[in-house]
Amino acid sequence: MTVDIPKILPSKVAVLPHHGNNNHTNPAASHPNYVKIVEVGPRDGLQNEKTIVPTPTKISLINKLSSTGLRVIEAGAFVSPKWVPQMSDTPQILVHLDKHPTPAVAAAGADGIMYPYLVPNIQGLRRALELGTTNLKEIAIFASASEGFSQRNINCSIAESLVRFRHVLDLAKEKGIRVRGYISMVISCPYDGPTPPAVVADVTQKLLDMGCYEISLGDTNGSGTPATVSALLTTLTSKPYLIPVNKLACHFHDTYNQALVNSMAALYHGIRVFDSSVAGLGGCPYSKGATGNVSTEDLVYFLEGIGFHTGVDLERVSEVGEWISNELGRKNGSKVGPALLTRRRAELEKEKEKERAHHEAEIKL
């Protein structure tokens, strides 16, 4: 498929409509070319780290990200500690954020920043509710478009998972909690091969019918290309499915360095919500070879560079990416972040040299 780039780019003459789902306070969302970024670093980004990340470090990461302009930050997961030990301290994180809201939350108001938590089943949701906090406003469930991946990831078939999620959504609705749905392996699966778009459409429609307000389409192993992403979105938004584009988001992994061009293809189809992870953190424990999510820094630079508005401070989020990479002792997965910070530091050094030279000249006088 040939993508007409000029049709994607915003302009003063033809402003693209805003399709995001933003029910909470966010001045940036009023911009006509706003694109919402869902930061998944603290959960999806860290869950695959082999060394357990200390709880204070996770909380610091969330607090730092909260000061960058991001308005949705996935904070943890109520999953089995046996299978995902990295997320075993999610209850402590939820309680901490309830008792000690970040300065950014206090400044923006109670609904200014959303901190969703991944919940695999009714037991996970009940664990979260038992904590008695007031800040559990949104959760996420995760299904698969691949039977092989569903069995390995959540130990049940796609059909069985949907039955489980029905109970989760019913309880969440009763408690006034919003639910976002994830679908994994929407392009291809390491166990089952290429994923038929019709299967993705079917699972998407069922999750929407259950009450999910938005479905994030996950290219979990990063195998997508603009052609396969376009084919998928065409299927979902065309007859017989006709799924509204404002109910969809995209979640691209950058395994084959295709995440940004795939985002361009998604923009062409009207997608205005994207998931990303600071410093490109992430991977998938059940998909060998899958590298991190597209980095938040790279995505912001890309989107702002073609005329969209994210409300995210690129320099601040780049500093967070550098900090967490150092904390984890790993290479920063962003290309933009390190380049930007190196340039800024060089500029600051030049300014200091000018000031020193000026000061020395004044002394001589």
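Values in this document were obtained by computation on a predicted structure and should not be read as measured data.
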Is [X] reaching over with its side chain to a backbone N or O of [Y], donor-acceptor style, under 3.5 angstrom?
X: R180; Y: S216; value: no
X: Q86; Y: K50; value: no
X: N262; Y: Q258; value: yes
X: D219; Y: S223; value: yes
X: Q47; Y: M87; value: no

Any side-chain donor paired with an acceptor under 3.5 Å for [X] and [Y]?
X: S150; Y: S161; answer: no
X: Y256; Y: T225; answer: no
X: T133; Y: N135; answer: yes
X: Q123; Y: R127; answer: no

Is there a path of hydrophobic side-chain contacts, each under 4.5 Å between heavy atoms of I, L, V, M, F, W or Y residues, that connects [X] with [Y]?
X: L341; Y: V300; value: no
X: I37; Y: V261; value: no
X: V245; Y: Y241; value: yes
X: L46; Y: I52; value: no
X: L136; Y: V95; value: yes

Query raised in the report: Under the side-chain contact (heavy atoms from CB on, under 4.5 Å) test, which residues partner S157, sequence neighbours left out?
Result: E147, Q151, A159, E160
Report summary line: Correct closest heavy-atom pair for G307 and N33 would be O-CB, 3.9 Å
Query raised in the report: For the residue pair T57 and W323, what are the closest heavy atoms and their distance?
Result: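 Heavy-atom minimum between the residues: O-CH2, 3.6 Å.
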Report task. Output, in order, the C-alpha distance, side-chain angles, deciding distance and verdict of side chain to side chain contact (heavy atoms under 4.5 Å, CB included) for T195 and V200. Result -> CA-CA 8 Å; T195 304; V200 181; 3.7 Å; yes
**Report entry** Within 6.0 Å of OH in Y301, more than 12 heavy atoms from elsewhere
**Finding:**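 No, not enclosed.
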Query raised in the report: With the threshold set at 4.0 Å, does a side-chain nitrogen-carboxylate oxygen contact exist between R356 and E349?
Result: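 Salt bridge flag = yes for E349 with R356.
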Report task. Answer yes when R344 and E322 have at least one side-chain N-carboxylate O distance shorter than 4.0 Å, and no when they do not. Result ->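 Between E322 and R344 there is no salt bridge, as every charged N stays at least 4.0 Å from the carboxylate O atoms.
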Query raised in the report: What distance separates T220 OG1 from I187 CD1, expressed to the nearest 0.5 Å?
Result: 9.5 Å
Report task. Test side chain to side chain contact (heavy atoms under 4.5 Å, CB included) on H253 and N221 and set out the steps. Result -> CA-CA 6 Å; H253 282 235; N221 58 358; over 6 Å; no
